[in-house]
There are 2 protein chains.
Amino acid sequence: MDLTLAKESCLHCPIRHRAVCAEADRSELERLEAAKSYRTFPRGTMLAEAGEPLDHLSSIVAGCATMSRTFADGRRQMVGLLLPSDFIGRPGRPTSAYNIEAASEVTLCRFERRMFEELVTSAPNIAHRMLVMTLDELDAARDWAVVLGRMTAREKVVNFLVNLARREAAAHDGSVSGGAVALHLPLSRETIADYLGLTIETTSRQFSALRKDGLIATPSARDVQIPDFEALALEIDDDDGGVIS
Amino acid sequence: MDLTLAKESCLHCPIRHRAVCAEADRSELERLEAAKSYRTFPRGTMLAEAGEPLDHLSSIVAGCATMSRTFADGRRQMVGLLLPSDFIGRPGRPTSAYNIEAASEVTLCRFERRMFEELVTSAPNIAHRMLVMTLDELDAARDWAVVLGRMTAREKVVNFLVNLARREAAAHDGSVSGGAVALHLPLSRETIADYLGLTIETTSRQFSALRKDGLIATPSARDVQIPDFEALALEIDDDDGGVIS
DNA sequence: ATAACTGCTTGATCTGCATCAATGCGGGAT
DNA sequence: ATCCCGCATTGATGCAGATCAAGCAGTTAT
């Protein structure tokens with residue numbers, strides 16, 4: 001799970017473009033800038049439906065969205081949390097493979113598909129940056145498979161909290177200090193459960209167990225305090241490489 | 001298993017290059033051809049170790065390899081099966097994130113890292129094709145997360161067999177007919193179990209249950225016959241989109 | 001304030017898969 | 001052939017997490 005807020009490869013930020021394109025074709029930059037438009041959607045909006053055509057490709061500017069697939073019998077599995085700088089839609093693939101839903105108010109930087117695809121095929125810089133972003137997502141997706149396939153419920157929840165804390169720290173461009181950390185959860189228990197491949201009840205029980213063990217405090221359901229981050233991280237770090245980088 | 005695959009994006013095949021590069025810079029093609037070399041490794045060879053430097057990028061020409069991560073306590077999760085035309089290593093990432101092991105004798109088409117990375121940054125065609133391949137892998141990895149997170153043991157095994165059959169059919173460039181299909185499993189029960197996030201015993205029991213239900217026959221542990229492919233596929237297809245594309 | 005609603009927690013029970021433990025089977029060496 | 005040895009199957013039992021079922025707390029409406 002890559003949760004940094006200001007990746008090198010973020011495609012909606014002109015400052016990044018300038019850095020990357022410094023000595024490259026400036027017209028490429030102009031075209032990318034010209035092709036984009038911004039739009040904000042309220043919480044709960046379906047930004048894409050699995051199998052349905054997706055005529056805009058977007059980069060998330062602000063907010064949080066979820067990517068999931070739902071079975072006919074109701075089982076749901078999230079395959080990713082989409083955060084600022086993450087990309088929605090794929091060049092060359094006209095439809096979305098997953099449901100994408102705004103988990104909070106979300107602002108997108110949108111590119112009309114045809115324009116963007118032309119850029120990707122003709123501009124080496126853009127294509128290369130898309131490749132780097134996609135490789136990051138691939139690593140995250142594979143790491144996620146490891147979590148879902150082999151971790152216990154407790155490990156899944158700890159892993160979730162630790163990564164959320166690390167992302168938050170990265171967003172503020174500092175590292176997680178050895179001390180206390182406070183988190184606001186962007187997701188409901190149900191969404192967390194669907195993310196972790198668990199039920200709501202099991203997820204809730206794991207939060208309660210961690211609280212009883214003194215590893216977290218929960219002033220409210222959506223707020224988590226971690227008095228000793230290292231102690232929490234030890235629950236998963238000490239015995240494997242299963243931590244999502 | 002016959003592994004002659006012929007994806008559009010396969011990077012070791014000059015014929016494909018020619019098709020893609022037809023009107024593009026031919027020197028790019030020359031350089032790619034010049035940079036490659038072939039090598040064959042016996043079954044069991046560790047082609048890459050998680051965290052270790054990987055100085056060659058490779059395209060699989062023949063054989064089968066597995067990608068996995070192992071926890072300190074022995075838990076192991078495979079994150080992918082690598083088959084001909086699949087790629088090992090990532091431009092811009094000097095180390096492998098996973099253990100990659102030859103599951104059978106494997107022939108690789110290898111590119112020296114520096115040469116290949118130069119090609120990716122300078123040649124739009126190569127970069128674009130890498131992007132398409134990576135997007136395919138990303139879809140597969142996310143689909144895999146859905147399988148691991150929400151499918152039952154039986155569904156996992158059925159999904160595995162159905163996908164293997166489909167890949168095999170795709171390799172022979174035909175579709176899976178409505179009738180009987182014969183498969184040779186390229187993996188041991190243990191490896192299948194690690195792939196599916198199950199134990200050996202559960203995997204074996206599921207094979208036995210499918211046999212008892214008449215959905216498969218197993219002339220040997222490594223050979224599976226599917227008398228009615230559609231009937232098997234119905235076990236998963238009718239209620240979701242959880243099939244790996 | 002009270003009611004009604006929604007999301008969270010907790011308890012009791014059930015079950016699917018893991019674990020522990022034999023047993024069977026096939027292919028290679030002698 | 002016979003003895004292996006690694007792999008696969010099958011059985012008995014245990015347990016983590018799912019399911020079923022109440023309660024509870026925060027929020028919005030009246």
Side-chain angles (χ1 to χ4, degrees), chain A residues 43-44 66 71 73-77 101 103-104 147-161 183-213 216-225 235-236, chain B residues 42-44 66 71 73-77 101 103-104 147-161 183-213 216-225 235:
Chain A
R43 176 169 188 238
T66 64
F71 294 9
D73 63 9
R75 283 179 289 178
R76 187 170 77 134
Q77 178 64 54
E101 186 177 347
S104 66
V147 170
L148 291 173
R150 289 299 184 201
M151 281 194 178
T152 64
R154 170 183 265 243
E155 288 172 322
K156 285 176 176 178
V157 170
V158 169
N159 182 74
F160 173 72
L161 292 173
L183 279 181
H184 182 75
L185 305 182
L187 307 172
S188 68
R189 288 287 183 280
E190 178 167 25
T191 312
I192 295 172
D194 284 342
Y195 193 43
L196 300 176
L198 301 171
T199 58
I200 304 175
E201 296 93 327
T202 298
T203 306
S204 181
R205 275 185 247 273
Q206 295 304 328
F207 273 95
S208 299
L210 291 172
R211 196 183 323 116
K212 195 161 56 183
D213 294 350
I216 63 171
T218 54
S220 86
R222 291 270 189 148
D223 290 287
V224 176
Q225 289 168 359
E235 292 272 319
I236 46 172
Chain B
R43 175 167 189 239
T66 63
F71 294 9
D73 62 9
R75 283 178 290 179
R76 189 170 77 134
Q77 178 63 54
E101 185 177 348
S104 65
V147 170
L148 291 173
R150 290 298 185 202
M151 281 195 178
T152 64
R154 169 183 264 245
E155 289 171 323
K156 285 176 178 179
V157 170
V158 169
N159 182 76
F160 172 72
L161 293 173
L183 279 180
H184 181 76
L185 305 182
L187 308 172
S188 68
R189 288 286 183 279
E190 178 167 26
T191 313
I192 295 172
D194 284 342
Y195 193 42
L196 300 176
L198 301 171
T199 58
I200 304 175
E201 296 93 327
T202 298
T203 306
S204 181
R205 276 186 247 274
Q206 295 304 327
F207 272 96
S208 299
L210 291 171
R211 197 184 321 117
K212 196 161 57 182
D213 294 349
I216 63 170
T218 53
S220 85
R222 292 271 189 145
D223 289 287
V224 177
Q225 289 168 359
E235 294 271 320

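Naming convention: chains lettered A, B, ... in sequence-line order (proteins, then strands); numbering from 1 in each chain.
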*Asks:* Should B:Leu148 and B:Tyr195 count as side-chain neighbours, where that means a heavy-atom distance under 4.5 Å?
*Replies:* no
*Asks:* In whole angstrom, give the distance that lies between atom CG of A:Leu148 and atom C1' of D:dG17.
*Replies:* 15 Å
*Asks:* Separation of B:Leu198 atom CG from D:dT9 atom C1', in whole Å?
*Replies:* 16 Å
*Asks:* With a 4.5 Å limit on heavy-atom distance, are the side chains of A:Asp223 and A:Leu185 in contact?
*Replies:* no
*Asks:* So does A:Glu201 get a backbone contact from the side chain of A:Arg189, meaning a donor-acceptor N/O pair under 3.5 Å?
*Replies:* no
*Asks:* Tabulate protein N/O versus nucleotide N/O from nucleotides 3-5 of chain D, keeping only pairs under 3.5 Å, one per line.
*Replies:*
none

*Asks:* So among B:Met151, B:Gln77, B:Lys156, B:Glu155, which one has a side chain to side chain contact (heavy atoms under 4.5 Å, CB included) with B:Leu196?
*Replies:* B:Lys156
*Asks:* How many Å lie between CG on A:Asp194 and C1' on D:dG17, as a whole number?
*Replies:* 15 Å
*Asks:* Could you pull out all residues at least two apart from B:Arg76 that satisfy salt bridge (charged side-chain N to carboxylate O under 4.0 Å, His left out)?
*Replies:* B:Asp194
*Asks:* Please tabulate, one pair per line, all N/O donor-acceptor pairs under 3.5 Å involving side-chain atoms of residues 205-212 of chain B, not counting sequence neighbours.
*Replies:*
| unit_1 | atom_1 | unit_2 | atom_2 | d |
| --- | --- | --- | --- | --- |
| B:Ser208 | OG | B:Ser204 | O | 3.2 |
| B:Arg211 | NE | B:Thr218 | OG1 | 2.9 |

*Asks:* For B:Arg150 and A:Arg75, indicate whether the former's side chain and the latter's backbone hold a donor-acceptor pair under 3.5 Å.
*Replies:* no
*Asks:* If you count every heavy atom of other residues, nucleotides or ligands that lies below 6.0 Å from B:Arg43 atom CZ, does the total exceed 12?
*Replies:* no
*Asks:* Tell me the interatomic distance from A:Ile200, atom CD1, to D:dG17, atom C1', rounded to whole angstroms.
*Replies:* 14 Å
*Asks:* Who are the side-chain contact (heavy atoms from CB on, under 4.5 Å) partners of B:Pro42, not counting sequence neighbours?
*Replies:* B:Thr45
*Asks:* Could you state the interatomic distance from CD (B:Gln225) to CG (B:Leu183), rounded to the nearest 0.5 Å?
*Replies:* 9.5 Å
*Asks:* Side chain to side chain donor-acceptor pair (under 3.5 Å) with A:Ser104: which residues, sequence neighbours excluded?
*Replies:* none
*Asks:* Within the 4.0 Å heavy-atom criterion, would you say A:Thr199 contacts the bases, only the backbone, or no part of the nucleic acid?
*Replies:* base
*Asks:* Just to verify, what does B:Thr203 make a side chain to side chain donor-acceptor pair (under 3.5 Å) with, not counting sequence neighbours?
*Replies:* none
*Asks:* Take the C1' atoms of the five end pairs on each side of the helix from C:dA1-D:dT30 to C:dT30-D:dA1, get both axes, and report the angle to 10 degrees.
*Replies:* 30°
*Asks:* For DNA chain D, determine which residues of residues 204-213 of chain A have any heavy atom closer than 4.0 angstrom to one of its atoms, and list them numerically.
*Replies:* A:Arg205
*Asks:* First and last nucleotide of DNA chain C in contact with chain A, 5' to 3', at under 4.0 Å to a heavy atom: what are they?
*Replies:* C:dC8 to C:dA12
*Asks:* What residues, two or more places apart in sequence or in another chain, satisfy salt bridge (charged side-chain N to carboxylate O under 4.0 Å, His left out) together with A:Asp213?
*Replies:* A:Arg154
*Asks:* Give one of base, sugar-phosphate or nothing for A:Ser220, where a contact means two heavy atoms less than 4.0 Å apart.
*Replies:* nothing
*Asks:* For residues B:Arg222 and B:Ser188, determine if any side-chain heavy atom of one lies less than 4.5 Å from a side-chain heavy atom of the other.
*Replies:* yes
*Asks:* One character per nucleotide, please: for nucleotides 23-29 of chain D, 5' to 3', B when the base has a protein heavy atom closer than 4.0 Å, S when only the sugar-phosphate does, - otherwise.
*Replies:* -------
*Asks:* Using heavy-atom distances to pick each residue's nearest nucleotide on DNA chain D, tell me which of A:Gly197 and B:Thr202 is more 5'.
*Replies:* B:Thr202
*Asks:* Measure the spacing between CD1 of A:Ile236 and CG of A:Asn159 and express it to the nearest 0.5 Å.
*Replies:* 4.5 Å
*Asks:* Could you pull out all residues at least two apart from A:Thr66 that satisfy side chain to side chain donor-acceptor pair (under 3.5 Å)?
*Replies:* none
